[in-house]
Visitor: 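Before I ask anything, let me first share the structure, which is written out below as structure tokens.
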Amino acid sequence: MGNFTLKIDEELCQGCGNCIVVCPVSAFSDSSIAGGSGSDEQRNFGVTTGAVKIYDPEFCTGCGTCVSSCGYSAIEIEVQEPQKLEVKLSADNLWMTGEKAVVYDIIKKEGPLSIEQIIEKLEIPNRLALNLIFTLKNENQIFEAGKIEEDHKVGYIYTSEPPMVEEKEKEVEEVAELTVDLEKAEKLRKTIDSVIDRFNTVKIRFMLETGKLDRVKEELVTKLEKR
Ligand code: SF4
Ligand code: SF4
């Protein structure tokens with residue numbers, strides 16, 4: 001275990017289980033306990049009688065994910081002795097706690113860095129480094145900046161700079177060529193004319209039947225003028 005203790009305030013804890021679900025150690029160590037599943041014996045911590053109980057204090061890497069997930073401020077990471085690693089919190093990582101902030105800080109200041117370089121610089125165990133790096137990556141705090149292939153092994157380097165969004169290639173709009181089929185246009189004109197004629201015939205017949213002779217005259221004159 002590191003130089004810290006994960007502490008739960010049972011008075012404040014509402015037993016919602018958020019902290020258990022988000023814990024990356026559970027998620028990465030065993031799929032049967034990921035997301036809070038599994039028995040009390042299997043799990044590192046779990047909700048018992050309405051509050052979180054820690055079954056195995058050794059598992060905790062101090063990443064702080066559960067601290068920020070708790071809406072009731074029921075979890076804290078108590079540091080027992082001065083940190084070997086000096087953590088200078090910047091405006092960017094003030095919300096982070098524990099060793100996660102240290103990893104973020106070194107990547108931000110000295111990145112891009114490979115996992116091996118991070119382990120070497122911080123002198124932390126591999127498993128802890130992997131947990132912290134994957135947690136930061138899943139939270140979109142750090143990003144893969146490239147691949148390293150060595151001795152048939154593939155590794156990644158990490159940066160705190162989000163990848164540049166590639167400028168979308170401008171789509172060239174194809175202007176549809178406007179072609180007019182004169183034969184079709186003529187047919188259409190004739191159809192429209194015949195519809196108007198039929199409409200006028202019905203209209204004039206109606207006017208004659210209702211005795212509106214002046215309107216009939218007016219309609220016929222207009223029609224003749226249009227021709
Ligand atoms: S410690 Fe916080 S997040 Fe975890 S179960 Fe209790 S209230 Fe929920
Ligand atoms: S500090 Fe990290 S490793 Fe420890 S219990 Fe919370 S989420 Fe899990």
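Values below: all heavy atoms of this structure, side chains included; hydrogens, waters and symmetry mates excluded. Owing to the predicted nature of the structure, the values given are computational and were not obtained by experimental measurement.
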Visitor: Let me confirm one number: the CD1-CD1 distance from Ile133 to Ile142, rounded to the nearest 0.5 Å.
Guide: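 Atom-to-atom, Ile133:CD1 and Ile142:CD1 are 6.0 Å apart.
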Visitor: Test Lys184 against Lys187 for side chain to side chain contact (heavy atoms under 4.5 Å, CB included), laying out the working first.
Guide: CA-CA 5 Å; Lys184 274 189 186 167; Lys187 270 187 193 167; 5.6 Å; no
Visitor: Roughly how far, to the nearest 0.5 Å, is CD1 of Ile54 from CD1 of Ile20?
Guide: 10.0 Å
Visitor: Write down the atom of Ser69, the atom of Cys19, and the distance for their closest heavy-atom approach.
Guide: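 Scanning both residues completely, I find the closest heavy atoms to be OG-CA, 3.5 Å.
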Visitor: Given side chain to side chain contact (heavy atoms under 4.5 Å, CB included), test Asn131 with Cys63 step by step and report yes or no.
Guide: CA-CA 8 Å; Asn131 280 330; Cys63 71; over 6 Å; no
Visitor: Mind checking whether Ile106 and Leu128 sit in one hydrophobic cluster, side chains of I, L, V, M, F, W, Y counted as touching below 4.5 Å?
Guide: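 The answer is yes; both residues are in one hydrophobic cluster.
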Visitor: Any side-chain heavy atom of Asn138 within less than 4.5 Å of one from Pro24?
Guide: no
Visitor: For atom CD of Glu11, decide whether the heavy atoms of other residues, nucleotides or ligands shown that lie under 6.0 angstrom number more than 12.
Guide: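 Check fails, neighbour count at 12 or below.
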Visitor: Enter the distance from Cys70:SG to Glu76:CD here, rounded to the nearest 0.5 Å.
Guide: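 Answer rounded to 0.5 Å: 11.0 Å.
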Visitor: From Ile107 CD1 over to Leu136 CG, what is the distance, rounded to the nearest 0.5 angstrom?
Guide: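 Going from the CD1 atom of Ile107 to the CG atom of Leu136 covers 6.0 Å.
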Visitor: Determine all donor-acceptor pairs shorter than 3.5 Å in which one atom belongs to a side chain in residues 156-164; sequence neighbours excluded.
Guide:
unit_1: Thr159; atom_1: OG1; unit_2: Glu161; atom_2: N; d: 3.0

Visitor: Using the side chain to side chain contact (heavy atoms under 4.5 Å, CB included) definition, which of the options Glu116, Lys109, Gln117 pairs with Leu113?
Guide: Gln117
Visitor: To the nearest 0.5 Å, how far apart are CG in Leu6 and SG in Cys60?
Guide: 4.5 Å
Visitor: Could you check whether any side-chain heavy atom of Thr65 comes within less than 4.5 Å of a side-chain heavy atom of Glu139, counting everything from C-beta outward?
Guide: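 Yes; the side chains approach each other to less than 4.5 Å.
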Visitor: Treating Gln14 as the side-chain partner and Leu12 as the backbone partner, does any N or O pair qualify as donor plus acceptor under 3.5 Å?
Guide: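 Judged by distance alone, yes, a pair lies under 3.5 Å.
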Visitor: Stepwise, does the side chain to side chain contact (heavy atoms under 4.5 Å, CB included) test hold for Val52 with Cys66?
Guide: CA-CA 12 Å; Val52 162; Cys66 59; over 6 Å; no
